[in-house]
Protein chains: 4
Amino acid sequence: MKLPEYIKDFEVWENDFRYYYPVTVRFSETDAFGHLNNTVPFVYFEHARIQFFKECGLMAYWMDKRGETIPVTADLHCDYLKQVFFDEPLQIGIKVSEIGRSSVEIHYAIKNEDGEVCVTGRGRIVQVSKETGKSVSWDMQSVESLKKGASVCLR
Amino acid sequence: MKLPEYIKDFEVWENDFRYYYPVTVRFSETDAFGHLNNTVPFVYFEHARIQFFKECGLMAYWMDKRGETIPVTADLHCDYLKQVFFDEPLQIGIKVSEIGRSSVEIHYAIKNEDGEVCVTGRGRIVQVSKETGKSVSWDMQSVESLKKGASVCLR
Amino acid sequence: MKLPEYIKDFEVWENDFRYYYPVTVRFSETDAFGHLNNTVPFVYFEHARIQFFKECGLMAYWMDKRGETIPVTADLHCDYLKQVFFDEPLQIGIKVSEIGRSSVEIHYAIKNEDGEVCVTGRGRIVQVSKETGKSVSWDMQSVESLKKGASVCLR
Amino acid sequence: MKLPEYIKDFEVWENDFRYYYPVTVRFSETDAFGHLNNTVPFVYFEHARIQFFKECGLMAYWMDKRGETIPVTADLHCDYLKQVFFDEPLQIGIKVSEIGRSSVEIHYAIKNEDGEVCVTGRGRIVQVSKETGKSVSWDMQSVESLKKGASVCLR
């Protein structure tokens, strides 16, 4: 198997996840070909990412009407390794692989009940100003929070 | 066929729609049983309703950050008469069947390419205050706008 | 509060649910008005209904390529009592309120963390032939399975 | 602006699209941050891709119960250049950038009403056997069909 460019060593990469969030495939998430529709892993990625941001304390600030910034998605990649079907219990792994000035690089791994990685992914989130739409640097507290989800090399 | 309670005479009811909005069934809207998933007609209802509210001039006010009210859904009913499949071009009919003090009763009919009604529906929308969540009466202009979409008996 | 026609006594009705399935509101399920989009409770209803059908043993038959029938939705009603927001942990209650020859009437109650009912609903599911689309009677085993989820008066 | 790796020269790349499919942003596709949710461009990509496959004649074969293959998504990338809001009329551009033995590389560009590219993307689709899940080579006719959507360099 050719690895996606964001994975150097699959085993190392896979073992470096510490945060997992469970989801079960809903019937409305399947399509007429009988498996999980290709658009749904991005819904799972967002779900896990936001649960992680919630645990970091970042989400409360972004959801606050008086808060001055929100996160926006800069890019997203997804690689489908194995088909997923209705009702499969999945674990959505998430880790921070790089913290930029105002952005954060996040990796994803979706595992099935047998622990097989069915989907991998990555994406960059940028913190922007609600007013101007321009990027806004992380403060020290945010960086510390994001480091909690960081892969070993970052900690 | 037993008629839903909100339809007295099917032919009269069907011919009373004047606003139609087109949609085509997307592949991601089908499910593993091969047809349109039952949750999707509500997406189509909302789409048509909001297009109608846009034409009425109400939507611009509700989307405005300085606006004081938003519409909320009080209830929704949907009757599935005929299965719908991938790629069918549909027309979503909409009409106002009753204008209350702060609410509006809306009827829906989804027709396929042959003009057959595949789905019928109804629902009540209430205008509420963003601050208090309490219902807020329509002003005269809103009532006049809503009447544009009204069924014959209301006009 | 005016009760939906399918609820005679709210307290009796509410206490009659025995099956609950948990869901947490995803960010992608909110809309620009900041709350749960009105189309999403139907996704939750389906999720809970299908979990229940799975426990009944009916779902495995319907998902089997060699099975001769599938369930189709005949109608759905939903009443929105209380707004629901991002990240709320919900319990989706489900009960069988009537078993017909080839159909089943199902009631739904969505409760928030404080145990308040935010959404109520009902709908009829019909078992149909994959070949002809015509309704197919429940066999004895299916009826017994469906009775497990039945409200007290049915048992 | 740093270009995604799949775009060498933005202007050349942008002018090389010949197939466009219109969509309008639905209210249910927005989220509580007020803009198009990041998961929705993938729904638009699939919609445009499948419209294209339909015009190619490939979709009819894949949807046919007697057909022996279906398309599966191998990977998907999306870059978000500009925020998109409720009700924006969009054009989803699609082109074939490479035809493999059993796969096809597809590029996407989402333009707003002013012709600005808001979202770019790419992804690989593989034709697989329904029975074995293994990849199945394109026949000559399929290759000719796919070439219709090909970028200039491929034709």
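Order of the sequence lines fixes the chain letters, A, B, ..., with proteins taken first and strands second; residue numbering starts at 1 for each chain.
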Revision key, fill the gap. Assert top hit (heavy-atom pairs under 4.5 Å, partner chain A, pool D/T120, D/L76, D/V119, D/D79) equals D/L76
Study note, to complete from the structure: Counting heavy-atom pairs under 4.5 Å with chain A, the top scorer among D/A32, D/G133, D/C78 is D/C78
**Study point:** chain A neighbours within residues 36-71 of chain D, where any heavy atom lies under 4.5 Å away
**Key:** D/N37, D/N38, D/T39, D/F42, D/V43, D/E46, D/R49, D/M59, D/W62, D/M63, D/I70, D/P71
Check your understanding: In chain order, what residues pass the side chain to side chain donor-acceptor pair (under 3.5 Å) check against A/T30, with sequence neighbours excluded?
Key -> none
Check your understanding: Mind checking which of residues 102-112 of chain A sit less than 4.5 Å from chain D, heavy atom to heavy atom?
Key -> none
Review point. Does D/E116 CD have over 12 foreign heavy atoms under 6.0 Å away?
Key: yes
Exercise for review: For atom NZ of D/K82, decide whether the heavy atoms of other residues, nucleotides or ligands shown that lie under 6.0 angstrom number more than 12.
Suggested key: no
Practice item. Could I get the full list of ring-ring contact (aromatic ring centres under 6.0 Å, His included) partners for A/Y21, not counting sequence neighbours? Key: none
